[in-house]
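Here the structure is laid out as C-alpha cells; the discussion comes afterwards.
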Amino acid sequence: MPETPAESQPAAAPAPARRARVLALANQKGGVGKTTTAINLATALAAVGERVLLIDSDPQGNASTGLGLTHEERETGTYELLTGVAELPDTIRPTRVPNLSIVPASVELAGAELELMDLDRRQHRLKDALENRLGDFDHVLIDCPPSLTLLTVNAMVAADAVLVPLQCEFFALEGLGQLLRTVERIRGSLNPTLDVQGVVLTMFDKRNNLSEQVAADVRGFLGEKVYDTVIPRNVRISEAPSHGVPALIYDHRCPGSTAYMKLAREVIRREQALKSAA
C-alpha cells in the first residue's frame with residue numbers, strides 16, 4: 001500500500017529542552033544594592049510574565065528576608081543544595097510574587113565555605129545541582145555574597161554571565177577592576193563561556209556631581225556593557241525589605257520601582273539579542 005504524505009514524512013525531532021539563562025549578581029563590595037537589585041529585578045521580570053528563580057547564595061539571607069520567607073520556610077535551601085543533602089526541586093519555595101520562586105538561604109550557609117573544601121568538585125557544586133533542571137524557568141538569578149569566596153566562585157561557574165550592581169561612589173570603582181579580574185580568571189580555568197552581561201549603576205543621586213562623574217567614568221571604561229537604566233536613590237526601596245516585599249509591590253509607582261521595570265526590559269532585550277546572535 002503506498003504511503004500517504006503524512007506517513008512518508010520523517011518523525012519530527014524532539015524539541016530541545018528549555019534552559020534558563022543563569023545570571024550571577026556579584027560585587028565583592030557590600031552596600032552597593034546587590035541584593036536589592038536581585039529582589040527587584042527578579043520581581044520585575046516576573047511582572048512581565050517571565051518565569052524566574054532567585055537563588056539566595058548569601059549567608060546573610062537578605063534576599064530571602066526581602067521576599068518575606070520565614071526562618072521555618074528556609075529549612076531546606078542553598079546550603080542543602082550545595083552539600084548534596086537535597087536536590088533542586090526540594091529546595092524551591094514559592095513567593096508572594098506570581099512567577100517568582102526562590103531557593104532560600106539559612107544560617108547554615110555561613111559554614112558551607114569550610115565544608116565545600118572537602119567535597120568533590122567543590123567549585124562546581126551549584127552548576128552540577130542545576131544541570132538539566134532549569135526547564136521550568138526563563139531566568140535564574142543568583143544573589144552572591146559581598147565577597148569573593150567559594151560561594152561566589154560556585155555562582156560564577158554555574159552562571160552564563162555576571163550582572164554587576166555598582167554604586168555611584170568613588171570607592172566602588174576600585175572594586176570593579178578586582179571583580180572583572182576574577183571573572184577573567186574563572187573564564188580562563190573553570191567556565192570558558194562566562195561573560196559580563198552588564199553593569200547597572202545603583203544609588204544614583206542626580207543632585208550629587210560625584211554620581212554623574214562615576215557614571216561617566218564607568219561608561220567610558222566599559223561602554224555598552226553599562227545598562228542605560230540607572231537605579232536612583234529612593235527611600236521607598238530602602239523601606240520595602242522591612243515589610244518583606246519587593247519595592248515593586250510596596251510602591252510600584254516610586255522612581256526606584258519604575259527604574260527596575262525599565263532594567264528588566266533592558267535585560268530581556270539583551271538576552272534576546274544574544275539568542276538571536278547564537
Side-chain angles (χ1 to χ4, degrees), residues 19-30 32-42 44-45 50 52-64 66 77-79 81-82 88 91 100-105 109 112-113 116 121-131 133-134 137-167 175-200 202 222 225-227 263-264 266-268 270-271 274:
R19 182 188 182 280
R21 282 272 295 177
V22 182
L23 298 180
L25 280 78
N27 192 324
Q28 76 275 14
K29 187 178 184 301
V32 301
K34 174 183 56 61
T35 297
T36 298
T37 297
I39 292 170
N40 288 290
L41 175 58
L45 288 168
E50 301 289 288
V52 185
L53 176 64
L54 175 58
I55 299 176
D56 190 351
S57 195
D58 185 345
Q60 297 177 81
N62 289 338
S64 303
T78 308
Y79 170 78
L81 191 64
L82 289 169
L88 182 64
T91 65
L100 174 57
S101 302
I102 186 171
V103 176
L109 191 58
E113 188 82 12
L116 290 174
R121 292 176 60 80
R122 60 180 180 268
Q123 296 117 328
H124 295 78
R125 302 292 296 187
L126 185 56
K127 178 181 175 63
D128 293 344
L130 300 182
E131 199 73 33
R133 291 186 176 272
L134 300 179
F137 301 99
D138 300 303
H139 302 275
V140 175
L141 306 182
I142 307 173
D143 185 32
C144 298
S147 54
L148 298 177
T149 65
L150 195 50
L151 292 174
T152 304
V153 171
N154 260 270
M156 290 189 181
V157 171
D160 296 295
V162 178
L163 190 155
V164 185
L166 185 72
Q167 186 180 10
L176 179 61
Q178 182 182 358
L179 178 63
L180 295 178
R181 287 191 294 272
T182 299
V183 172
E184 286 292 335
R185 287 196 295 270
I186 290 177
R187 180 163 50 213
S189 58
L190 297 169
N191 184 358
T193 62
L194 185 66
D195 192 15
V196 176
Q197 208 263 13
V199 174
V200 56
T202 64
L222 291 174
K225 286 290 186 183
V226 184
Y227 291 101
L263 178 63
E266 196 171 351
V267 167
I268 291 171
R270 290 197 181 196
E271 293 295 314
L274 287 170

task: Dump the intermediate steps for side-chain contact (heavy atoms from CB on, under 4.5 Å) on Val52 and Leu41, then the final yes or no.
output: CA-CA 10 Å; Val52 185; Leu41 175 58; over 6 Å; no
- prompt: Should Val196 and Leu222 be marked as a side-chain contact (heavy atoms from CB on, under 4.5 Å) after you check the CA-CA gap, both sets of side-chain angles, and the distance that decides it?
  reply: CA-CA 10 Å; Val196 176; Leu222 291 174; over 6 Å; no
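With Glu113 contributing its side chain and Leu150 its backbone, the two residues share a donor-acceptor pair below 3.5 Å. No donor-acceptor distance shorter than 3.5 angstrom exists from the side chain of Asp143 to the backbone of Asp58, with no hydrogens or angles considered. Side-chain atoms of Asn154 come within 3.5 Å of backbone N or O of Leu126 as a donor-acceptor pair.
Atom CZ of Arg187 and atom OG1 of Thr193 lie 9.5 Å apart (nearest 0.5 Å). For the atom pair OG1 (Thr202) and NZ (Lys34), the distance works out to 11.0 Å, reported to the nearest 0.5 Å. Rounding to the nearest 0.5 angstrom, the gap separating the CG atom in Leu53 from the CD1 atom in Ile55 is 5.0 Å. Distance check, rounded to the nearest 0.5 Å: NZ of Lys29 to CG of Leu179 gives 13.0 Å. Here the CG atom belonging to Leu190 is positioned 11.0 Å from the CZ atom belonging to Arg185, to the nearest 0.5 angstrom. The CD1 atom of Ile142 sits 12.0 Å away from atom CG of Leu163, with the distance rounded to the nearest 0.5 Å.
Val199 pairs in a side-chain contact (heavy atoms from CB on, under 4.5 Å) with only one of the listed residues (Asn27, Leu166, Leu180, Val162), which is Leu166. Arg21 pairs with exactly one of Asp138, Val140, Leu274 by the side-chain contact (heavy atoms from CB on, under 4.5 Å) rule, that one being Leu274.
Gln123 has its side chain out of reach of Ile186: every pair of non-hydrogen atoms, C-beta onward, lies at least 4.5 Å apart. In this structure, the side chains of Gln178 and Leu148 come closer than 4.5 Å at one or more pairs of heavy atoms. Pro165 is listed as a side-chain neighbour of Val200, based on a closest heavy-atom distance under 4.5 Å.
For the residue pair Thr35 and Asn62, no side-chain donor N or O sits within less than 3.5 Å of a side-chain acceptor on the partner.
Contact detail for Ala105 and Gly61: the closest heavy-atom pair is CB-CA, 4.0 Å. Smallest separation of non-hydrogen atoms from Arg125 and Leu82: NE-O, 2.8 Å. The shortest non-hydrogen separation linking Asp56 to Ser64 is OD2-OG, 2.7 Å. Among all heavy-atom pairs drawn from Arg270 and Lys225, the shortest one is NH1-O, 3.4 Å. Closest heavy-atom contact between Pro145 and Ser57: CD-O, 3.3 Å. Heavy atoms only, all atoms of each residue included: Met156 and Ala26 are closest at CE-CB, 3.9 Å.
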